[in-house]
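What follows is a short report on a single structure.
Computed from a prediction, not measured in an experiment: that's the story for all the values here. For this chain, numbers begin at 1 and follow the sequence in order.
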Amino acid sequence: MEKREGEGEGEEEQVVNPWTVSAKGGGKIDYDKLIDQFGCQRIDQSLVDRIHRLTSRAPHVFLRRGVFFAHRDLSEILDAYERGEKFYLYTGRGPSSEALHLGHLIPFMFTKYLQEAFKVPLVIQLTDDEKCMWKNLTVEESQRLARENAKDIIACGFDVTRTFIFSDFDYVGGAFYKNMVKVGKCVTYNKVVGIFGFTGEDHIGKVSFPPVQAVPSFPSSFPHLFGGQDNLRCLIPCAIDQDPYFRMTRDVAPRIGYQKPALIESSFFPAMQGETGKMSASDPNSAIYVTDSAKEIKNKINRYAFSGGQDSIEKHRELGANLEVDIPFKYLSFFLDDDAKLEEIRKEYGAGRMLTGEVKQLLIQVLTELVERHRRARAAVTDEMVGAFMAVRPLPNMFN
């Protein structure tokens, strides 16, 4: 039974919402409690195997290793796909900073895999209006950051014939705005306070924002793409801190004649200093940025990446590393594609036969190559390419 929005909120000592992620007592996020609190389901091996079978592609590393670990109605999406019915993908980015860090890339890397594996269209929302209101940015600066962030998103390799990127300041209106009003009429002020924790000190812009993020879940918000396909299902890949928006959306959808969106949700990419939440753009040493040089990556990992190794070589050889808290190993579990190599590191490092310095050296190599690939791809993204992705036009290759 899916929990209705707001149910169970405030009962947990950890806080996970779109603006705040903090664990109980400064410890680790308890994802089992989060699943229970939010009312979503854990992705099991049978779902991963089914995606493999339906797409004839090896499951993405983020799926194989449980980075994307929870879902809502993913089975229903796969049932429909197996019957020959199509769906579309929706994800987004709140453009609050000039450069993205690796945690920001995760949903886009995974969404690209889903787009290619299922051969479906994708809409990407840039919530420049949200960041203008939450981060006290000017409208103009928010719009500029949206276009800059769009370049990083495009650099992930999306197919322009299947992808529409839009900024709220540019696109909201028409059919999109009509859906916003329909959603807004269904959610009381008390309900939105219960879901998002707004207080009397929050301006009304914040209270009015949730429908903006809700309605890309409905195909009629994009008549130039999905005209006449109002029953098209939507799958949303996102981090689990975005779940409150879509609990609200799923509650409202049937009341205004739409399908509930399905979700596939990820855990957080931990900060360099330890797994107490997610990386923070406000602390540059908590994250690896896609603009970091090879020297900066090496320095950050060597100086700031929290180690689960012991405090002396002798003790380390005896006891091995604590992989539950070791950030270099956790980062490798995200970005080292080779399953056999990762398993070897797990055994050798966990047994103390491999030292922290060796693991950090491998991580430096993996991340330097990843960031350099991204930097080259981004450098090739022109303003004309951004314009092509953001143009309001039909997508000629949507389901091919």
Side-chain angles (χ1 to χ4, degrees), residues 1-3 16 28-87 89-91 103 105-120 233-243 246-247 250 260-270 275 278 322-326 329-351 366:
M1 179 83 180
E2 179 174 324
K3 292 194 178 182
V16 175
K28 290 168 60 175
I29 296 295
D30 186 331
Y31 289 106
D32 288 326
K33 277 190 177 178
L34 208 53
I35 283 175
D36 183 57
Q37 179 188 349
F38 285 179
C40 44
Q41 294 174 286
R42 187 170 282 279
I43 293 173
D44 60 20
Q45 188 58 44
S46 66
L47 266 179
V48 177
D49 292 342
R50 191 175 180 202
I51 290 171
H52 188 183
R53 178 172 58 80
L54 288 175
T55 61
S56 301
R57 288 180 60 131
H60 194 280
V61 63
F62 294 161
L63 204 51
R64 296 199 307 269
R65 297 185 189 153
V67 174
F68 278 79
F69 73 103
H71 75 98
R72 294 182 185 273
D73 287 356
L74 180 58
S75 298
E76 285 80 349
I77 285 276
L78 298 180
D79 289 345
Y81 184 79
E82 204 157 13
R83 292 193 300 267
E85 298 171 21
K86 301 298 184 181
F87 64 91
L89 296 164
Y90 156 40
T91 194
L105 284 187
I106 284 168
F108 295 110
M109 293 168 73
F110 188 65
T111 301
K112 175 180 179 283
Y113 151 77
L114 291 173
Q115 183 184 51
E116 290 177 346
F118 288 99
K119 299 181 174 58
V120 290
R233 296 291 302 261
C234 174
L235 175 62
I236 304 169
C238 62
I240 199 164
D241 60 341
Q242 300 301 303
D243 190 88
F246 302 114
R247 294 206 302 283
R250 285 169 57 83
K260 292 182 179 184
L263 282 86
I264 182 165
E265 300 177 313
S266 73
S267 57
F268 304 117
F269 190 58
E275 198 175 15
K278 60 179 182 177
N322 180 356
L323 302 184
E324 287 297 309
V325 300
D326 191 88
F329 181 76
K330 287 188 179 295
Y331 280 21
L332 285 172
S333 72
F334 278 78
F335 294 118
L336 180 64
D337 283 335
D338 189 330
D339 289 341
K341 180 68 174 173
L342 186 71
E343 185 56 30
E344 180 190 346
I345 295 167
R346 183 194 308 277
K347 289 177 180 174
E348 295 298 303
Y349 190 35
V366 168

Side chains of [X] and [Y]: does their closest heavy-atom pair fall under 4.5 Å?
X	Y	result
Thr91	Phe110	no
Ile51	Leu74	yes
Leu342	Arg65	yes
Leu78	Phe118	yes
Leu34	Asp243	no
Glu82	Arg53	yes
Tyr31	Glu265	no
Lys341	Ile345	yes

Between atom [atom1] of [X] and atom [atom2] of [Y], what is the distance when rounded to the nearest 0.5 Å?
X	Y	atom1	atom2	result
His60	His52	NE2	NE2	14.0 Å
Arg233	Ile77	CZ	CD1	4.5 Å
Thr111	Leu235	OG1	CG	8.5 Å
Leu114	Arg57	CG	CZ	9.5 Å
Asp326	Leu323	CG	CG	6.5 Å

Where do [X] and [Y] come nearest, in terms of heavy atoms and distance?
X	Y	value
Ile29	Phe268	CG1-CD1, 4.3 Å
Ala70	Cys40	CB-SG, 4.1 Å
Phe87	Leu89	CE1-CD2, 4.0 Å
Pro237	Tyr90	CD-O, 3.2 Å
Tyr81	Ala117	OH-O, 4.4 Å
Phe38	Arg72	O-NH2, 2.6 Å

Query - All salt bridge (Lys or Arg N to Asp or Glu O under 4.0 Å) counterparts of Glu324, not counting sequence neighbours - result: Lys28

Query raised in the report: Hey, are Asp79 and Arg50 close enough for a salt bridge, meaning a charged N less than 4.0 Å from a carboxylate O?
Result: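 So Asp79 pairs with Arg50 through a salt bridge.
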
Query raised in the report: Could you walk me through whether Ile264 and Leu63 pass the side-chain contact (heavy atoms from CB on, under 4.5 Å) check?
Result: CA-CA 10 Å; Ile264 182 165; Leu63 204 51; 4.1 Å; yes

Query raised in the report: For Ile106 and Phe335, what are the C-alpha separation, side-chain angles and deciding distance, and is it a side-chain contact (heavy atoms from CB on, under 4.5 Å)?
Result: CA-CA 10 Å; Ile106 284 168; Phe335 294 118; 4.3 Å; yes

Query raised in the report: Do other residues, nucleotides or ligands put more than 12 heavy atoms under 6.0 Å from the NZ atom of Lys119?
Result: no

Query raised in the report: Which residue, Pro59, Ser266, Ser267, forms the side-chain contact (heavy atoms from CB on, under 4.5 Å) with Phe68?
Result: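 Between Phe68 and the candidates, side-chain contact (heavy atoms from CB on, under 4.5 Å) is satisfied uniquely by Ser266.
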
Report task. Assign the ring pair Phe269 / Tyr331 to parallel, tilted or perpendicular, where the plane angle (0 to 90°) is split at 30° and 60°. Result ->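 Answer is parallel, since the angle falls under 30°.
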
Query raised in the report: Do side-chain atoms of Arg250 reach the backbone of Lys260 as a donor and acceptor pair under 3.5 angstrom?
Result: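 Pair absent, no side-chain N/O of Arg250 close to backbone of Lys260.
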
Requested in this report: Please confirm whether the backbone N or O of Glu76 pairs with a side-chain atom of Asp73, one donor and one acceptor, at under 3.5 Å?
Outcome: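 No: the side chain of Asp73 does not pair with the backbone of Glu76.
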
Query raised in the report: Does the pair Thr55 and Glu116 meet the rule for a side-chain contact (heavy atoms from CB on, under 4.5 Å), with working shown?
Result: CA-CA 9 Å; Thr55 61; Glu116 290 177 346; over 6 Å; no

